[in-house]
> 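Sharing a structure, written as structure tokens. Questions coming.
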Amino acid sequence: MTTRRGFLASLAAIAACPHPGWADAGSPDFLSAARAPDGSYRLCGLTGAGEVLFDLPMPDRGHAAAAHPERPEAVAFARRPGNFALVIDCREGQVIARLETPENRHFYGHGAFSMGGDLLFTPENDLDTLDGVIGVWDVAAGYRRVGEFPSGGVGPHDVMRLPGSERLVIANGGIATHPDTGRVQLNAPTMRANLAYADPESGPVEVVELDVALRQNSIRHLAMTPSGMVAAAMQWQGSEGEHPPLLFTHEQGQAPRLLSAPEDAHRQMRHYAGSVSVSGDGRELAITSPRGGLLQRFDRDSGAFLGAVALEDVCGVGPDPAGGFFASTGTGVLTRLSSDRPLAEAHTRWAWDNHLVAV
Amino acid sequence: MRQLLLAIALILPLPLSAQTAPELVEDVLSQHVLPGYAALVEETGELATVAEAHCAPGDAALRTAYGEAFDAWMRVSHLTFGPAEEQNRLFALAFWPDSRGVTPRSLSALIEDADPVIETADGFATVSIAARGFFALEFLLYDEAISTMGDDAYRCALVQAITRDIAVTAGAIRDDWETRFAGLMREAGTNDRFQSPEEALRLFFSSLNQGLEFTADLRLGRPLGSYDNPRPERAEARRSGRSLRHVALSVESLGQLAHLLAQRDSGLQADLAQAVEIALERAEQLDDPVFAGVAEPQGRIRVEALQQRVREFRDLVQERLGPELGVAAGFNSLDGD
């Protein structure tokens, strides 16, 4: 889909050298939405040392962002069920494009770029059918809407691209909602979450469901190892008396592998994993629970539980360039974790929103 | 300054002893949950009895019994966990919202085929849950098309099957509470289901919070729709004229639950009571039983104002009662996305 145009556009961009890169925006390691002490909402660039390189205004509360693979451009998405996303030039702090969903669609707060950065993909809700779609936007044409394809499920939330491929992986949370009724679930008796792989040209090519007993485990957020192993974090919508795993890993064509801490530690997650990340060295996985105030680590290969760190209102987690994890909280903590101990804490009065997006 | 604080401390009556978590759990069980289900069992039993002799859609005795049983359900409908969750009992009693119109479709299919599956309780328990419970019964009593469709005798038998099934389901939930689930909550900390009394309290808290969101977002939000596209036809139980009544009943019952959970903080208790009173006053003044006014600017503002009052009650619950019960009220933990 428009890859030739994208290719030509990127040639044109190369010809117009020198073209700006993320170094021109100070080389942030992460993007994060936040609420500033004055109550305004911002999109921030952070380093792994906890430095805030830039903070740019947002019209309302954000959620996650997508970083262009080459240019210092970030697409900051409104909090679900928002209808807008801003494309921000992170050097100048300028809004260079504003995305609005077509009528009868809304964003879920996440998005991903194609390999060369010529297309942007955004999980959306079709308000006529309450089925998930992935919107397609042409970057070179000023982020023009050029199409959409089915997400392979209901309530698509996070989306990522497989390394070295144009194939996307989509977390279809399974929960049908409509903005008229806020975030209330409209399909409790029939909900079924899945993880879908899709190609922009042909739509879903593989749909992975967990056991039917886990149909109400809403698959919401994704992380990816360099080799293309997907880690998916879940939020349990079923009985509070059950405590099913909140994390699984998957490689295409294989069976999913469920991971959880021993029961007592697992229950402290309170049925909720808000973010997931692969460590900077690629050897560990982490999930966070703001409800439980807990970050849990797992071994990527063995799946073994490695330990937990208590952090009030923790949700954002990303790969620490030094090897471990970097985490953020709604109480203003940015921290690097190594083994089970916070290494450095840069307390601020900022409320860091759900996700740290690695640049 | 210190002397002043000391003086205040001496004047304020100290509570003899703040309730422990197990005491709060016991109060919610014995004053809210168990009496609520006892009333539901009584009223649904009465409804089934009345339906044996009065099954015509317009029958006044049947409609009264339906209203009283539905009232009793509204008072416990936020207790969606445990016994209500088992075997989908909750949805078997109240399948709503029904955004795809499965209830009228399932009922029409039964009536058109004069399906004999309704003849036995076991058979009826196998029909689509959308054709069971209070909302299915409402269609049979109040919907112009469904209440006149097909054969009178079949519809009569269907009314009787639904009312018997409602009574059986209500009884099953009550029995499960009395023989099993209340015990697990009372003995929290000694069983696997509840590892501590605080866990049981948090479950009551989340029913309270979710009940308020259900009322604000669904009972009021669905008919409100959007300004350009109001949806009065989506109001809950509008055929029997009960939409506003459901909002008031739920706020009242959730207010009682909030009052019991807030016993350790009398200031918070007073603030909660005030929030409930303001919302109920607003409901009383509305004079629009099925939210038909949402399509007109004036009427819409008044329904939105009621929704706002319910949300203020919910904010108080989230921001103050939550932390009191050990539930984080954080930027991310409350966002839940």
Side-chain angles (χ1 to χ4, degrees), chain A residues 34-35 61 63-64 79-81 108-110 129-130 157 173 176-190 220-221 235 238-243 263-264 267-268 270-272 274-275 288-293 312-316 328-332 350-355, chain B residues 80-86 88 90-92 95-100 102 128-130 181 184 191-196 199-200 202-203 206-207 210 213-231 234 307 311 322 327-337:
Chain A
R35 187 180 64 197
R61 181 168 178 179
H63 184 70
R79 178 173 183 263
R80 178 169 71 93
Y108 279 92
H110 291 262
T129 61
L130 302 186
H157 199 82
T177 58
H178 191 286
D180 287 357
T181 46
R183 291 177 167 189
V184 178
Q185 183 174 4
L186 300 173
N187 64 339
T190 56
R220 296 285 264 279
H221 293 104
Q235 301 172 9
S239 167
E240 301 214 24
E242 295 169 40
H243 299 268
E263 194 186 338
D264 285 3
R267 283 172 82 126
Q268 292 174 28
R270 304 252 178 99
H271 302 106
Y272 187 95
S275 280
T288 53
S289 171
R291 296 190 178 163
E312 188 184 348
D313 209 33
V314 66
C315 197
S328 66
T329 79
T331 59
W350 291 57
W352 300 106
D353 217 313
N354 289 269
H355 305 296
Chain B
T80 56
F81 57 85
E85 198 170 43
E86 299 283 332
N88 269 332
L90 172 79
F91 296 117
F95 190 88
W96 192 86
D98 177 19
S99 50
R100 294 178 197 245
V102 188
S128 159
I129 52 171
F181 209 77
L184 290 174
N191 59 68
D192 191 51
R193 177 65 180 83
F194 295 101
Q195 290 186 339
S196 67
E199 216 175 277
R202 283 200 296 266
L203 193 49
S206 79
S207 320
Q210 285 164 18
E213 293 197 331
F214 194 94
T215 291
D217 293 344
L218 290 184
R219 294 194 172 109
L220 291 159
R222 268 180 81 76
L224 276 166
S226 61
Y227 187 84
D228 295 327
N229 189 16
R231 306 298 292 266
R234 286 180 167 175
Q307 185 184 43
R311 289 196 169 139
V327 179
F331 187 62
N332 291 318
S333 60
L334 278 186
D335 181 48
D337 201 17

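The analysis underlying the following values was restricted to heavy atoms, covering all of them including side chains, and did not include hydrogens, waters or symmetry mates. The shown structure was predicted, so the numbers you read here are calculated from the model rather than taken from an experiment. Letters go in sequence order (proteins before strands), and every chain restarts at 1.
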> Which atom names give the shortest non-hydrogen contact between B/R193 and A/G241, and what distance separates them?
CZ-CA, 3.0 Å
> Are a donor atom and an acceptor atom from the side chains of B/D335 and A/N354 found within less than 3.5 Å of each other?
yes
> Which bit of B/E199 is near chain A, if near means a heavy-atom gap under 4.5 Å: side chain, backbone, both or neither?
side chain
> Could you pull out the closest heavy-atom pair between B/F331 and A/D313, with the gap in Å?
N-OD2, 3.0 Å
> Show the nearest heavy-atom pair for residues A/A188 and B/F91, with the distance to one decimal.
CB-CZ, 3.6 Å
> Below 4.5 Å from any heavy atom of chain B, which atoms of A/E263 appear? Answer side chain, backbone, both or neither.
side chain
> Report which part of B/F194 has an atom under 4.5 Å of a heavy atom belonging to chain A: side chain, backbone, both, or neither.
backbone
> Side chain, backbone, both or neither: which part of A/T288 has a non-hydrogen atom closer than 4.5 Å to chain B?
neither
> Between A/R183 and B/D217, does at least one N-O distance fall below 4.0 Å, as a salt bridge requires?
no
> Would you say B/Q195 has more than 12 foreign heavy atoms packed within less than 6.0 Å of its CD?
yes
> Please name the pair of heavy atoms, one in B/D337 and one in A/H221, separated by the smallest distance, quoted to 0.1 Å.
O-CE1, 3.1 Å
> Is A/E240 close to chain B through its backbone or its side chain, or both, or neither, when contacts mean heavy atoms under 4.5 Å?
both
> What residue in B/D192, B/D98, B/L184 has the most heavy-atom pairs under 4.5 Å with chain A?
B/D192
> Pick one of side chain, backbone, both or neither for A/T329, based on which atoms fall under 4.5 Å of a heavy atom in chain B.
backbone
> Go through the atoms of A/R291 and report whether side chain, backbone, both or neither lie under 4.5 Å from a heavy atom of chain B.
both
> Under 4.5 Å from any heavy atom of chain B, what part of A/H157 do you find: side chain, backbone, both or neither?
side chain
> Of the listed residues (B/S333, B/G221, B/S226), which shares the most heavy-atom pairs with chain A below a 4.5 Å separation?
B/S333
> So which part of B/S206 gets closer than 4.5 Å to some heavy atom of chain A, the side chain, the backbone, both or neither?
side chain
> Counting only heavy atoms closer than 4.5 Å, note whether B/F81 contacts chain A via side chain, backbone, both or neither.
neither
> Taking atom OG of A/S328 and atom CG of B/N332, what is their separation to the nearest 0.5 Å?
7.0 Å
> Do you know which of A/C315, A/G330, A/S239 has the most heavy-atom pairs under 4.5 Å to chain B?
A/S239
> Under 4.5 Å heavy-atom distance to chain A, tell me which part of B/N88 shows up: side chain, backbone, both or neither.
neither
> Under a 4.5 Å heavy-atom cutoff, which of A/R267, A/H355, A/R79, A/H63 has the most pairs with chain B?
A/R267
> Could you check which of A/Q235, A/H178, A/E242, A/R270 has the highest count of heavy-atom pairs closer than 4.5 Å to chain B?
A/R270
